[in-house]
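Accompanying notes for the structure given below.
If you read the sequence from its start, that first residue is 1, and numbering goes on from there. Since the structure is predicted, the reported quantities are computational estimates derived from the model, not experimental observations. Every number for a ligand or one of its atoms is a count from 1 in the order of the listing.
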Amino acid sequence: MTPEEFRAAGHELIDWIADYRASIETRPVLAQVAPGEVRSMLPDVPPTEPEPFASVLADLDRVVVPGVTTVQHPMHFGWFPSNAALASVLGDLASSGIGSLGISWESSPALTEVEEVVCDWMRQLVGLSRAWVGTIQDTASTAAIVALLVARERASEFSEAAGGLQSVEQPLVVYATDQAHSSVVKAASVAGFGLDNVRTVAHDPWTRAMDPASLDESIAADLAAGRRPAAVIASIGTTGTTAVDPLPAIVDVLDRLGPDGSADRPWLHVDAAMAGSAMILPERRSMWEGVEAADSITFNPHKWLGTILDTSLFYVRDPQHLVRVLSTNPSYLQSSADGQVTQYRDWGLPLGRRFRALKLWFHLRLDGPEALRGRLRRDLDSAAWLAEQIDAEPGWTLVAPVSLQTVCVRHLPSTADGSPMVGEALEAHTQQWVANINRSGQAYLTASKLDGSWMVRVSIGVEGTERHHVAAVWDLMRSTVASLT
Ligand SMILES: *Cc1c(COP(=O)(O)O)cnc(C)c1O
């Protein structure tokens, strides 16, 4: 494709994207396709001749769009929001168009330095001190792996340079509650800690916040048994109920184990994947009070804030520790700029990086932080409003505090004899009403287990979701259960 052909096709594609977004509300939220249906619409063999752009574009409508669950739909209340603000889409397009290769500073100085600047802009927007420097990872899952790899090396005094974990006599232990994201356990297992060395710290039964006394006891028991506490993962906004672990009390526990940065002090990784976006609101920053004492922090502008995937920020106070653990310096990547510049390949796992910073750069400049703050405040107000409605409605109950924009509910119908439904019948009822809503395509909610029982999360935060959409999903919830009971 020549640049002139690209220009013509590109204009058409931009029009197509604008039309798609403008008409998103007319589409079902959940993709109404059966397993294998999308595949069956595609040829089994690759094309032999180049095809016209028009037929590819037509297949976006025919094949792709029906097979996409429209998480940009204002009636999408599932999982967590995965906004893809159009301003950031333009940045993504610019990144692709420039086609930079980020393997060293020299391979694209702008890629490195724009990333340094936007990470610092975001640092300021979320109110972190100048002690923090950041980089963009693909996802919070990767950030958790990086955090646990560097935690492992701090606690094992750089075992990687010799016999590795296999030569370490004291088992290294990781601590989190069972409310932590699944990526945390995955990171601990792939970083070599072993699931036997992942401790489930107790949490408060209502707020689901980590119980610092339980952390303290667990650590003491491991020390007494000759094991070495290596990392604590604190969640600010868990995925289930947006629970907030108490950082100041956790830091107190760690302070007793060793000075900042020492091998005896477990690495504190703060997973604020979802809630981090809310830290652009000064009035919400008390949520992560104590965060300055952490060793690493991750949050995802690609969730609520709306910078299109994959944009996960990872901040540390000691980037030299990342470099010591993750640096590779093959001869073909050495240059005269070494020592004066940041080599992001030494701050994470991949060598080749995309110019992801352009997504944030465009997003922050074109939409502006004040509009982002306004949208987040709108969503927090909507969540508080919905929680009030649920609280006031007989037969409905909130199953967790609403600390952010996610409302966790159960509907508790009464049985024929007037007693409340419990046990298996209630489990089936919950799964039934949420499945009915989701299958209808009118809205999408997530059923999720909490304390072993099904509940439903209404996660507000799609860019287009206004209060009337939240009111509409609440109506739909009530009419759906009414049709079942
Ligand atoms: C979404 C989420 C993650 C995982 O984020 P990815 O960027 O998809 O890997 C991790 N932790 C929490 C608390 C989350 O909500």
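Using modelled atom types, one finds a donor on one side chain and an acceptor on the other under 3.5 Å when comparing Q405 with S459. Neither side chain, E115 nor W361, offers a donor N or O lying under 3.5 Å from an acceptor on the other.
Judged purely by atom type and a 3.5 angstrom limit, Q389 uses its side chain to pair as donor or acceptor with the backbone of W385. Distance alone, capped at 3.5 Å, is enough to place a donor-acceptor pair between the N83 side chain and the W304 backbone.
The heavy atom nearest to atom 1 (C) of ligand 1, out of those in K303, Q179, Q137, M274, is found in K303.
Counting heavy atoms under 4.0 Å from ligand 1, residue D271 touches it through the side chain alone. Under 4.0 angstrom from ligand 1, there are no non-hydrogen atoms of S312.
Every atom of ligand 1 with a heavy atom of N300 under 4.0 Å away is listed here by number and element: 5 (O), 6 (P), 7 (O). Short contacts between ligand 1 and F80, defined as distances under 4.0 Å to a heavy atom of the residue, involve ligand atoms 15 (O). Ligand-side atoms of ligand 1 in range of G237: 13 (C), range being under 4.0 angstrom from any heavy atom. Proximity to H302 (heavy-atom distance under 4.0 Å) selects the following atoms of ligand 1: 7 (O). Those atoms of ligand 1 that come under 4.0 Å of a heavy atom in T139, given as number and element, are 6 (P), 7 (O), 9 (O).
In terms of protein heavy atoms, atom 10 (C) of ligand 1 is closest to H181 CG, 3.3 Å.
Ion pair K359/D310 flagged as a salt bridge, since at least one NZ, NE, NH1 or NH2 atom sits closer than 4.0 Å to an Asp/Glu carboxylate oxygen.
Ring centers of W433 and W396: under 6.0 Å apart, within the cut-off.
Between W347 and Y344, the angle of the ring planes goes over 60°, which puts this pair in the perpendicular group of the 30/60° scheme.
Considering backbone and side-chain N/O atoms, S141 comes within less than 3.5 Å of an N/O atom of ligand 1.
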